[in-house]
Trainee: 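Input: one structure, supplied below.
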Amino acid sequence: AQSVAQPEDQVNVAEGNPLTVKCTYSVSGNPYLFWYVQYPNRGLQFLLKYITGDNLVKGSYGFEAEFNKSQTSFHLKKPSALVSDSALYFCAVRDSTGRRALTFGSGTRLQVQP
Amino acid sequence: DARVTQTPRHKVTEMGQEVTMRCQPILGHNTVFWYRQTMMQGLELLAYFRNRAPLDDSGMPKDRFSAEMPDATLATLKIQPSEPRDSAVYFCASGLVTASNYGYTFGSGTRLTVV
């Protein structure tokens, strides 16, 4: 069975500073990895995905994620945080058995202070 | 932009009542998922369908939950009878799953409160 760990419940960062939200995964076979963001009282919005290819994946709203196979990590990054980036972020891995359902991490709340 | 539509957005019901949540997937998407979100458990997969056929509902309490896709434009999740522990936000997501596409779009969710 696949799993995702987000070790930080909350990340605090000052506006304009770089941010990192951590994610590690466990999966048999090739990992298909995703990041989603959830704003209050809203559904999940897709940010980016890694399927194959370059280890640095660029996504929406200036976010990017770095895939590291040896460390089984897929950390979300942004060079300069905005207050509007404050939200709940979920890392997810696609099922490797072919079901193609996503298994989500527990989520990390990002708080960007002005 | 195409979107997944879920109704109702909010539902408050008494314990023991039947609850039906509806989802209209994006036209042309061949896969539909139901997820439940709670503070304690996070996001849990309840069931999913491919081309309207149920492929996995192992995450769903079978005695009270049922999920169906009567046609390509409607997916339903029913709880009968409802219990306070069912209080959660229920999300539907749809996607066109092919060899080269892995994107899923989530609806805004149904916030269920069972009192």
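Fair warning: this is a prediction, and the values are worked out from it, not measured in the lab.
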Trainee: So for Gln45(A), is it side chain, backbone, both, or neither that comes closer than 4.5 Å to the heavy atoms of chain B?
Mentor: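 Neither part.
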
Trainee: If you count heavy-atom pairs under 4.5 Å with chain A, which of Ser108(B), Cys92(B), Gly42(B), Ala93(B) comes out on top?
Mentor: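 Between Ser108(B), Cys92(B), Gly42(B), Ala93(B), the count favours Ser108(B).
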
Trainee: Look at Glu64(A) together with Lys58(A) and state whether they make a salt bridge at an N to O cut-off of under 4.0 Å.
Mentor: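 Counted as a salt bridge, because a side-chain N and a carboxylate O are separated by less than 4.0 Å.
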
Trainee: Give, as side chain, backbone, both or neither, the part of Gln37(B) having an atom under 4.5 angstrom from any heavy atom of chain A.
Mentor: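 The answer is the side chain of Gln37(B).
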
Trainee: My understanding is that only residues two or more places apart in sequence, or in another chain, count here; which of them pass side chain to side chain contact (heavy atoms under 4.5 Å, CB included) with Gln24(B)?
Mentor: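 With sequence neighbours excluded, Gln24(B) shows a side chain to side chain contact (heavy atoms under 4.5 Å, CB included) to Thr5(B), given in chain and number order.
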
Trainee: For each of Gly43(A), Ala92(A), Gly107(A), tally heavy-atom pairs with chain B at distances under 4.5 Å, and name the one with the top tally.
Mentor: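 Of Gly43(A), Ala92(A), Gly107(A), Gly43(A) has the most heavy-atom pairs under 4.5 Å with chain B.
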
Trainee: Check this for me: does any side-chain nitrogen of one of Asp85(A) and Lys78(A) sit under 4.0 Å from a carboxylate oxygen of the other?
Mentor: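 Yes, this pair counts.
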
Trainee: Phe63(A) and side-chain contact (heavy atoms from CB on, under 4.5 Å): which partner among Val37(A), Leu19(A), Val21(A), Val57(A)?
Mentor: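 With Phe63(A) as partner, Val37(A), Leu19(A), Val21(A), Val57(A) yield a single side-chain contact (heavy atoms from CB on, under 4.5 Å), made by Leu19(A).
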
